[in-house]
There are 2 protein chains.
Amino acid sequence: MAEAAPRRHPTLDEVAERAGVSRSVASRALNNAPHVSRAKREAVERAVRQLGYVPNPTARALATRQTGAAALVVSGEDPSIFADPFFARVIVGASAALDEADLHLMLCLAASDRGRKRVEELMRSRGADGVMLMALREDDPLTRMADEAQMPVVFGGRPVGSAPRWYVDVDNVGGAREATEHLISLGRRRVAVICGRLDTEAGRARYRGYRDAMLGAGLDPYPPLEGDFTERSGAAAMAALLAGHPDVDGVFAANDNMAAGALRTVREAGRRVPADVAVVGFDDLMAAQIADPPLTTVHQPVEALGREMARMLVALVNGQDPTPLVLPTRLAVRASA
Amino acid sequence: MAEAAPRRHPTLDEVAERAGVSRSVASRALNNAPHVSRAKREAVERAVRQLGYVPNPTARALATRQTGAAALVVSGEDPSIFADPFFARVIVGASAALDEADLHLMLCLAASDRGRKRVEELMRSRGADGVMLMALREDDPLTRMADEAQMPVVFGGRPVGSAPRWYVDVDNVGGAREATEHLISLGRRRVAVICGRLDTEAGRARYRGYRDAMLGAGLDPYPPLEGDFTERSGAAAMAALLAGHPDVDGVFAANDNMAAGALRTVREAGRRVPADVAVVGFDDLMAAQIADPPLTTVHQPVEALGREMARMLVALVNGQDPTPLVLPTRLAVRASA
DNA sequence: GCTTCCAGTGGGAGCGCTCCCAAGCACGCC
DNA sequence: GGCGTGCTTGGGAGCGCTCCCACTGGAAGC
């Protein structure tokens with residue numbers, strides 16, 4: 001039984017011809033649509049197999065006006081912030097959820113002007129069925145583009161200031177509050193804070209949480225000491241802190257990288273963690289476990305964030321109207337506090 | 001001057017009509033093709049602006065038989081291996097290079113059978129213009145799919161055993177050799193190795209490099225002690241090593257995560273790094289700098305790997321025939337050795 | 001003055017699929 | 001026995017773009 005020669009690219013018409021049916025019937029059979037007799041359905045399946053037919057997604061997209069792809073856009077001047085494992089985990093979650101809906105994942109790193117222009121084009125041209133937007137800053141041009149997008153947009157984390165129609169976020173305020181309360185419950189009274197960038201909503205919200213906890217315990221919050229989420233900036237901030245407030249006995253850092261930097265500075269200054277200074281971070285990515293001592297930190301459900309963004313987007317693409325989501329955090333207590 | 005009402009989605013025909021030209025001319029003007037008079041070109045540009053026209057990429061794709069997208073496929077049972085910052089850096093590099101060629105990046109995490117099936121469909125259906133394949137294991141089903149792909153395929157790292165027609169790799173053997181030689185040059189004579197998974201080419205090649213260096217120096221190589229590239233497996237391997245060979249004075253670990261694990265075990269066993277045991281890693285990602293002490297490690301140009309893969313793919317898509325590439329590594333000497 | 005040439009132009013045929021619709025046909029019902 | 005009724009079926013019109021090709025007229029060549 002000679003299989004048909006693997007011709008370059010059979011079309012649906014050829015399948016139909018071979019199966020002895022019309023293109024319409026072949027199409028219906030392929031899509032498991034009703035109104036196809038058992039016999040013809042099987043004939044089509046046979047022809048598909050013999051010809052090694054694979055539908056052309058582009059043609060299908062043109063006809064259905066659905067691309068079968070969703071885009072994840074990560075904003076940020078410096079593309080290397082993307083190297084943060086945070087995004088990798090988001091992607092893992094989003095990818096899994098999109099797989100379930102048979103959507104492909106397009107990844108756009110909107111770093112340069114060129115990159116942003118391409119994202120804008122994508123959003124205006126229906127080059128995808130929907131977009132997930134992350135890491136927007138204050139006055140990020142992507143915010144405007146999102147308004148004019150010709151497709152559903154889901155935000156990952158709220159942009160500074162405004163809450164968009166659809167978003168998935170992590171409870172930054174609650175997490176920061178819990179972290180700070182943990183330090184206080186350990187008997188620390190001079191608990192300082194190393195903030196993330198205050199032009200991001202996450203940076204602001206985490207400072208708010210810290211502040212709430214301090215005020216709630218009748219303590220004086222320290223003024224925001226701003227880092228940029230890197231290990232280096234955390235180390236620098238900690239050095240400034242030790243210089244200005246030598247009696248500090250607790251530090252809440254707005255992410256693990258900065259906490260790791262703080263750890264290093266404390267160590268180099270000859271003080272012990274947690275005996276002299278207790279440190280709590282935020283994220284609970286790999287860095288927290290590698291750190292010495294292992295970092296007590298606010299665990300945020302990063303893969304879930306990606307997954308829920310994707311699910312929300314799928315819902316929107318299917319014409320539903322999901323509600324925004326704020327995912328809970330929880331404190332992972334380790335040695336540093 | 002009333003801007004045209006922002007209709008839902010103007011087509012090229014409407015642009016042509018408004019500009020008073022035929023669709024052909026409008027198309028040519030849009031694509032900067034020749035044979036368009038200056039006047040008509042400007043008329044088209046004006047119409048585009050007034051209508052807010054954006055070309056439909058799907059229609060264009062159907063007509064040109066080019067999707068305008070390239071896929072990066074990452075193989076691996078456990079999707080969380082993708083959380084390794086390694087891939088993030090590859091993506092940064094690839095994304096930048098694809099941007100230059102105006103290609104979009106599709107990301108496929110081929111973890112489940114379902115995911116692999118989707119990748120196969122993508123490759124057989126011309127759902128992308130080309131594919132970059134990474135992290136293949138021995139007998140990885142993706143290898144076969146790649147053979148049958150209807151589009152160019154570039155490998156990132158060679159698959160076990162065979163060298164494909166087009167690939168970009170890092171000089172794993174040379175890097176591992178250099179790392180080991182560094183340890184030997186420090187006077188270490190009992191230099192052990194913690195390998196990566198030996199069902200990956202990188203794992204094997206790095207062991208080969210270690211072995212070469214040892215033999216070259218007239219030393220007995222240790223048998224391969226296999227880890228799986230995780231911090232935990234590195235710690236466990238180091239524990240086994242200390243138990244079986246208490247006199248070991250140098251360790252080459254096939255990646256930084258495992259080296260970090262080894263560091264932890266050595267520290268917990270009350271020995272000093274590098275005084276008692278010197279450790280060298282491989283990768284030079286973030287972990288190497290956070291480690292305590294900072295890790296001497298083989299720096300591999302990860303972003304360049306992604307960039308070169310993408311460039312090679314672009315060349316292939318453009319009908320050229322590029323040659324495989326092996327990128328050099330260099331030793332980053334820090335405190336651990 | 002008459003070819004020759006070519007930039008400029010628009011008509012029209014696809015690209016490969018979906019989906020609406022009218023037609024065909026075997027039932028079963030009154 | 002006439003006439004719905006409902007399942008199958010295939011024709012054909014798109015989806016929005018590219019690109020081949022035939023046609024025009026004015027500049028250049030002899």
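Below, chains carry the letters A, B, ... as their sequence lines are ordered, and counting in each starts from 1. Because the structure is predicted, anything quoted here is derived from the model rather than measured.
Rounded to whole Å, the distance from CZ on A:R41 to P on D:dG10 is 14 Å. Rounded to a whole Å, the CZ atom of B:R38 is 19 Å from the C1' atom of C:dT9.
Phosphate proximity of D:dT8 to A:K40: absent, as no side-chain N or O sits under 4.0 Å from OP1 or OP2.
Shortest non-hydrogen contact noted between A:R89 and B:A83 is CD-CB, 3.4 Å. A:V131 and A:M151 get closest at one heavy-atom pair: CG2-SD, 3.4 Å.
Atoms CZ and OG1, from B:R23 and B:T11 in turn, are 8.5 Å apart once rounded to the nearest 0.5 Å.
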If a protein heavy atom is under 4.0 Å from the base, mark B; if only from the sugar-phosphate, S; if neither, -; do that for nucleotides 12-18 of chain C going 5' to 3'.
-> BBBBBBB
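Using a 4.0 Å cut-off between a side-chain N of Lys or Arg and a carboxylate O of Asp or Glu, A:D102 and B:R118 qualify as a salt bridge.
A distance-only check finds no donor-acceptor pair linking the side chain of A:N31 to the backbone of A:A33 [under 3.5 Å].
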